[in-house]
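In what follows, a structure is listed as structure tokens, so that the remarks can point back to it.
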Amino acid sequence: HAVAAERAPVPRSAGGSAGCQNAVAASCPGCKLTVLNVTGTQIASNGVTSAIVSALQRDPSIGYVASSDIALAPGLPAALKAANLTQVKIVGGAASPTDEQNVRDGTVSAVMKNDLVYCGWLMMDALLRHAAGLSFPANDGGVPQQILTKSTIAPAGTSELVPAGYPDLFKKLWKLG
């Protein structure tokens, strides 16, 4: 049984929650997913972490916490430990460096990450290709994402997601140097 902490009523998150619910239902018919809709007020006041802890305390059958934006719940591993909920596994998206360190430390099971600096280079590449009338490769792939676990995460300060030397590769492609 998992609880998915998601922003509500943000349409992007609503679609994400529905997609998550559909994926769980299709791949694990016996599994249960409870969606915890968190409000803007909870986000602004750092109240998401306490809302998750309360949900877990109300329903001890929940063994997982998932969020498409794990940064919504800062300090969640410590809060779970303080509430003696150490058996609960945490997974999430949009990982921050703190979340990545939590994976290295073993207090978060897995995160999904995309390199936002690299994403900016990809957006500039798309803009320049469009302006030059160039085509885009089929199935270009867009922003790379990876599931990071303790066994797959790179050392702090490095990225597993981007090609080595990508700024120079883009500059060469754009004939800038």
Problem - Linked, directly or transitively: Leu85 and Val48 (ILVMFWY side chains, under 4.5 Å) - result: yes
Quiz: residues 169-177 side-chain donor-acceptor pairs under 3.5 angstrom, not counting sequence neighbours:
residue, atom, partner, partner atom, Å
Trp174, NE1, Asp125, OD1, 2.9

Problem - Student check: side-chain heavy atoms of Arg58 and Thr34 closer than 4.5 Å - result: no
Handout entry: Ile62 vs Lys32 side-chain heavy atoms within contact, under 4.5 Å
Key = no
Practice task
Output the distance between atom CZ (Arg104) and atom CG (Asn102), rounded to the nearest 0.5 Å.
Solution key: 10.0 Å
Problem - No-hydrogen, no-angle side-chain donor-acceptor test under 3.5 Å, Thr41 and Thr39 - result: no
Exercise for the section: Count the heavy atoms belonging to other residues, nucleotides or ligands that lie under 6.0 Å from NE2 of His1, then report whether that count exceeds 12. Expected result: yes
Problem - Min side-chain heavy-atom separation Asp99-Val108 under 4.5 Å - result: no
Determine all donor-acceptor pairs shorter than 3.5 Å in which one atom belongs to a side chain in residues 71-80; sequence neighbours excluded.
none

Handout entry: ILVMFWY cluster, Val91 and Val111 together (side-chain gap under 4.5 Å)
Key = no
Practice task
Kindly compute the distance separating CG (Asp105) from CD (Gln101), expressed to the nearest 0.5 Å.
Solution key: 4.5 Å
Exercise for the section: Check Gln42 against Ala51 and note the closest heavy-atom contact, atom names and distance. Expected result: NE2-CB, 3.5 Å
Handout entry: Euclidean distance, Lys113 NZ relative to Ile70 CD1, rounded to 0.5 Å
Key = 13.5 Å
Exercise for the section: With the side chain counted from C-beta on, respond yes when Ile90 and Thr107 share a heavy-atom pair under 4.5 Å apart, and no when they do not. Expected result: no
Exercise for the section: Nearest 0.5 Å please: distance from the CD1 atom of Ile153 over to the CD atom of Glu100. Expected result: 5.0 Å
Problem - Sub-4.5 Å side-chain heavy-atom contact between Tyr166 and Val117 - result: yes
Exercise for the section: Calculate, to the nearest 0.5 Å, the distance between atoms OG and CE belonging to Ser67 and Met112 respectively. Expected result: 12.5 Å
Problem - Side-chain heavy-atom pair Ile147, Thr152 within 4.5 angstrom cut-off - result: no
Handout entry: Shared hydrophobic cluster, Val53 / Ile43 (ILVMFWY, side-chain heavy atoms < 4.5 Å)
Key = yes
